[in-house]
Amino acid sequence: MKFDAIIFDLDGVICFTDEYHYKAWKSLADEMNIPFDRTVNNRLRGVSRMASLEIILEKYTGPALSEEEKVRLATKKNDLYRASLAEMSPADLPVEVKETLDALRAMGLKLAIGSSSKNTPFILGQIGLDGYFDAVSDGNNITRSKPDPEVFVKAAEMLGIAPSRCLVVEDAVSGADAGHAGGMKVACVGDAAKNGAGDWNMASVRELISIAK
Ligand code: BG6
Ligand code: MG
């Protein structure tokens, strides 16, 4: 086999929480009269919460904001986002994702999460994947967000597998860049695939089964 492990991004790869991120940021931006659309939203993929806020504030024209006010805004967005996450259940884990994960595991591959999100443990619990992965590296154990490779390098370390034997799966261009910076091959879906950011650009995660062989 070409790989010993697969490290999955979470939002936009395992489940469609990327849409909840968009809706929560959109609501905050509308309230502050900041232009915000899906094109800007694509730049937030893979990027930490505070760095995402800074991208949104590029078009803000109101009075200067203190660091404290920025933290309050990010918290407000996160509260809105968490309200959507609270509604999630195992039905929000797409069947093609669960079948693909199980097939890859049956092939003998180690499976990990590499996500910038601090909400990762909550989301995995909501969709019924608590304890499923061999390693979980997320926004709670990193200091630099994607495109820095830290989150993927830490996942590989947790698994005890060399980066060159790990395949990263991403929907974010920043995440694909992070995987490459960590010395890993990258398979993309969604926005990153449209941008040709991966070594493989997939229409469905099911393609991972033949890519990993
Ligand atoms: C990433 C998302 O997975 O997590 C980003 O793609 C998000 O859009 C980042 O900003 C941080 O998420 P959270 O849940 O810690 O606010
Ligand atoms: Mg993502």
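For the single chain, residues carry numbers from 1 onward in sequence order. This structure is a prediction, so every number in the text was calculated from the model and none was measured. Just so you know, ligand 1 is whichever comes first in the structure, and atom 1 is the first atom listed for that ligand.
- When atom types are taken as modelled, the side chain of Glu87 and the backbone of Ser84 share no donor-acceptor pair closer than 3.5 angstrom.
- Taking distance alone, with nitrogen or oxygen atoms compared against 3.5 Å, Arg45 stays at or beyond that limit from ligand 1.
- The pair Lys70-Glu67 counts as a salt bridge, with a side-chain nitrogen and a carboxylate oxygen less than 4.0 angstrom apart.
- Checked against a 3.5 angstrom limit, the closest N/O atoms of Ser117 and ligand 1 fall inside it.
- Close N/O approach between Ser52 and ligand 1 is found [any backbone or side-chain N/O within under 3.5 Å].
- Residue-to-ligand polar distances place Asp11 within reach of ligand 1: an N/O pair is separated by less than 3.5 Å.
- Scanning Val47, Asp138, Leu53 for the heavy atom closest to atom 7 (C) of ligand 1 points to Val47.
- From the protein, the heavy atom lying nearest to atom 8 (O) of ligand 1 is Leu44 O, 3.0 Å.
- Looking only at distances, no side-chain donor or acceptor of Lys98 sits under 3.5 Å from a matching main-chain atom of Leu93.
- Both the backbone and the side chain of Lys118 come within contact range of ligand 1, each with a heavy atom under 4.0 Å.
- Close contacts of ligand 1 with Ser115, meaning ligand atoms under 4.0 Å from a residue heavy atom, involve 3 (O).
- Side-chain polar atoms of His180 and Lys185 form no donor-acceptor pair below 3.5 angstrom.
- For the pair Arg49 and Glu54, the salt-bridge criterion is not met [side-chain N within less than 4.0 Å of a carboxylate O].
- With waters left out, the protein N, O or S atoms under 2.8 Å from the Mg ion (ligand 2) add up to 3.
- Between the side chain of Lys2 and the main chain of Lys213, a donor-acceptor pair closer than 3.5 Å is present.
- Checked by atom type and distance alone, the side chain of Glu150 pairs as donor or acceptor with a backbone atom of Arg144 at under 3.5 Å.
- Taking 4.0 Å as the cut-off between side-chain N and carboxylate O, Asp9 and Arg45 do not count as a salt-bridged pair.
- In this structure, the protein non-hydrogen atom closest to atom 16 (O) of ligand 1 is Arg49 NE, 2.7 Å.
- The only option from Asp18, Asp37, Asp191 that meets the side chain to side chain donor-acceptor pair (under 3.5 Å) definition with Asn42 turns out to be Asp191.
- The heavy atom nearest to atom 6 (O) of ligand 1, considering only Gly139, Gly46, Gly114, Ala24, is found in Gly46.
- Of the possible donor and acceptor atoms, none in the side chain of Asp138 sits under 3.5 Å from a partner among the backbone N and O of Thr120.
- Ion pair Glu19/Arg38 flagged as a salt bridge, since at least one NZ, NE, NH1 or NH2 atom sits closer than 4.0 Å to an Asp/Glu carboxylate oxygen.
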